[in-house]
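What you are looking at is a predicted structure, and each value in this text was computed from that prediction instead of being measured. Per chain, numbering begins at 1; letters A, B, ... match sequence-line order. Hydrogens, waters and symmetry mates are skipped; everything else that's a heavy atom, side chains included, is used.
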There are 2 protein chains.
Amino acid sequence: MNTYHHSTEADVAEAIVSQLQARGLRRTAALRNLIREMVAHPAPGAIAHWAGLPSLRELNSVTLYRLMMKLEQADVVRGVHLGERAQCFQLIQPGPQPDYLVCTNCGDLQPVEAPAELRQMEQQLARQSGWQGVRHELEFFGLCPDCTAPHTEDQVHSTAR
Amino acid sequence: MNTYHHSTEADVAEAIVSQLQARGLRRTAALRNLIREMVAHPAPGAIAHWAGLPSLRELNSVTLYRLMMKLEQADVVRGVHLGERAQCFQLIQPGPQPDYLVCTNCGDLQPVEAPAELRQMEQQLARQSGWQGVRHELEFFGLCPDCTAPHTEDQVHSTAR
DNA sequence: GTAATTGCAAATACTTTGCCACGTA
DNA sequence: TACGTGGCAAAGTATTTGCAATTAC
């Protein structure tokens, strides 16, 4: 489910946890389980999504919010805005981060490769106008094939992506 | 403050109201004042921003939400996600809609011209994968020059915008 | 032992809904 | 008159904070 070479998911997860530990975080069950789940499921998901996974069911979602914020500050995780409601989080992957095509009806997600031009624009904006740490976020919204067919079945307003 | 030719802002606002009236909306003070403000201030703003403007101070913000939804459905207004918190709304302008560079500290906003390539991608995605009504949303995030200078003055966590 | 972490309760922020009075056409 | 609209109260959803108990190191 991920693209690391010669490493199991468990190895990758442990490496990330160690990296975080070196940064001052503690090797708790909550942290380990969260990282394992995020390694196993690289697609972005809202807090409610992660909170619903088996190994995280017993975790208070406040803890998830706090953990996620730390992971974001440590550049291990990034937040993306794919729905109107909740922010989604995903593990940062090597190389350029994916952007997404999102179904506004069912929340279906499809990765999309952003034009390299956007990355150039980030640097250009930084140079030209003195902004720092410029990054972009790009989403495409539309109706997926399943939701395009008119009044076929009921609409899904899933909370957890 | 806008780019319509040979028309005052008041004219433009009235034209939009009439267009909405033809669609079944009623020519109420709330609608007229909101449209006037949005014509006068084309930049995107959160509900709280619009609610704070002089002519809308006395308006219940629930009404603003409801109005804004109708305007969005009528393609007179569009919503954009510029902050973590509230959705922002702006009048739809003739031609391609602007994208923005947003300061993650103070919320400062700078319009940016998106690559034409993105518009091609929208159509390409629609054709290739059977999605309908594909549109994009692009934001650049960073620290503006004012907020770049370290610990100069206090942080502004403005609610409106 | 010390500092980070967790859970619980509560607060905050944003948005939506129900219901009834009122205004526009 | 009839239906869209506006206000108020309340509910709903997402997120954050305070504080005390617990746990990692």
Worksheet item: DNA chain D: B:K70 or B:R85, which has the more 5' nearest nucleotide?
Response: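 This one resolves to B:K70.
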Distance-only check: which donor-acceptor pairs under 3.5 Å involve side-chain atoms of residues 111-125 of chain A, not counting sequence neighbours?
residue : atom : partner : partner atom : Å
A:E122  : OE2  : A:H136  : N            : 3.0
A:E122  : OE2  : A:H136  : ND1          : 2.5

Side chains of residues 52-59 of chain B: which donor-acceptor partners sit under 3.5 Å, not counting sequence neighbours?
residue : atom : partner : partner atom : Å
B:S55   : OG   : B:E37   : OE2          : 2.8
B:R57   : NE   : B:G52   : O            : 2.9
B:R57   : NH2  : B:G52   : O            : 2.9

Would you find a donor on one side and an acceptor on the other, under 3.5 Å apart, between the side chain of [X] and the backbone of [Y]?
| X | Y | value |
| --- | --- | --- |
| B:Q97 | B:G95 | yes |
| A:S61 | A:L64 | no |
| A:Q90 | A:P42 | yes |

Starting from [atom2] on [N], measure out to [atom1] on [X] and report it in whole angstrom.
| X | N | atom1 | atom2 | result |
| --- | --- | --- | --- | --- |
| A:L34 | C:dT5 | CG | C1' | 14 Å |
| B:L59 | C:dC22 | CG | P | 18 Å |
| B:W50 | C:dT15 | CH2 | C1' | 19 Å |
| B:F89 | C:dC14 | CZ | C1' | 11 Å |
| B:N60 | C:dC19 | CG | P | 18 Å |
| B:L56 | D:dG7 | CG | P | 11 Å |
| B:Q87 | C:dC14 | CD | P | 13 Å |
| A:M68 | C:dT6 | CE | C1' | 16 Å |

Worksheet item: Who are the salt bridge (Lys or Arg N to Asp or Glu O under 4.0 Å) partners of A:R85, not counting sequence neighbours?
Response: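 Checked A:R85 against salt bridge (Lys or Arg N to Asp or Glu O under 4.0 Å); zero matches.
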Pairs under 3.5 Å (N/O, protein and nucleotides 23-25 of chain D):
residue : atom : partner : partner atom : Å
D:dA24  : N3   : A:R26   : NH1          : 2.9
D:dC25  : OP1  : A:Q21   : NE2          : 2.8
D:dC25  : OP1  : A:R27   : N            : 3.1

Any N/O pairs under 3.5 Å between the protein and nucleotides 17-21 of chain D? List them or say none.
residue : atom : partner : partner atom : Å
D:dG18  : O6   : A:R66   : NH1          : 3.4

Discussion item. Does D:dT16 have its OP1 or OP2 closer than 4.0 Å to a side-chain nitrogen or oxygen of A:Y65?
Written reply: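 Looking at the OP1 and OP2 atoms of D:dT16, neither is under 4.0 Å from any side-chain N or O of A:Y65.
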Worksheet item: Out of curiosity, B:W131 CH2 to A:D146 CG, how far, rounded to the nearest 0.5 Å?
Response: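 Atom-to-atom, B:W131:CH2 and A:D146:CG are 9.5 Å apart.
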Discussion item. In terms of relative ring orientation, are A:H49 and A:H41 parallel, tilted or perpendicular, with 30° and 60° separating the classes?
Written reply: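 It falls in the perpendicular class, over 60°.
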For residues 13-29 of chain B, which side-chain donor-acceptor pairs fall under 3.5 Å, sequence neighbours excluded?
residue : atom : partner : partner atom : Å
B:E14   : OE1  : B:R27   : NH1          : 2.7
B:S18   : OG   : B:E14   : O            : 3.0
B:S18   : OG   : B:R27   : NH2          : 2.8
B:Q21   : OE1  : B:R27   : NE           : 3.3
B:Q21   : OE1  : B:R27   : NH2          : 3.0
B:T28   : OG1  : B:L31   : N            : 3.2

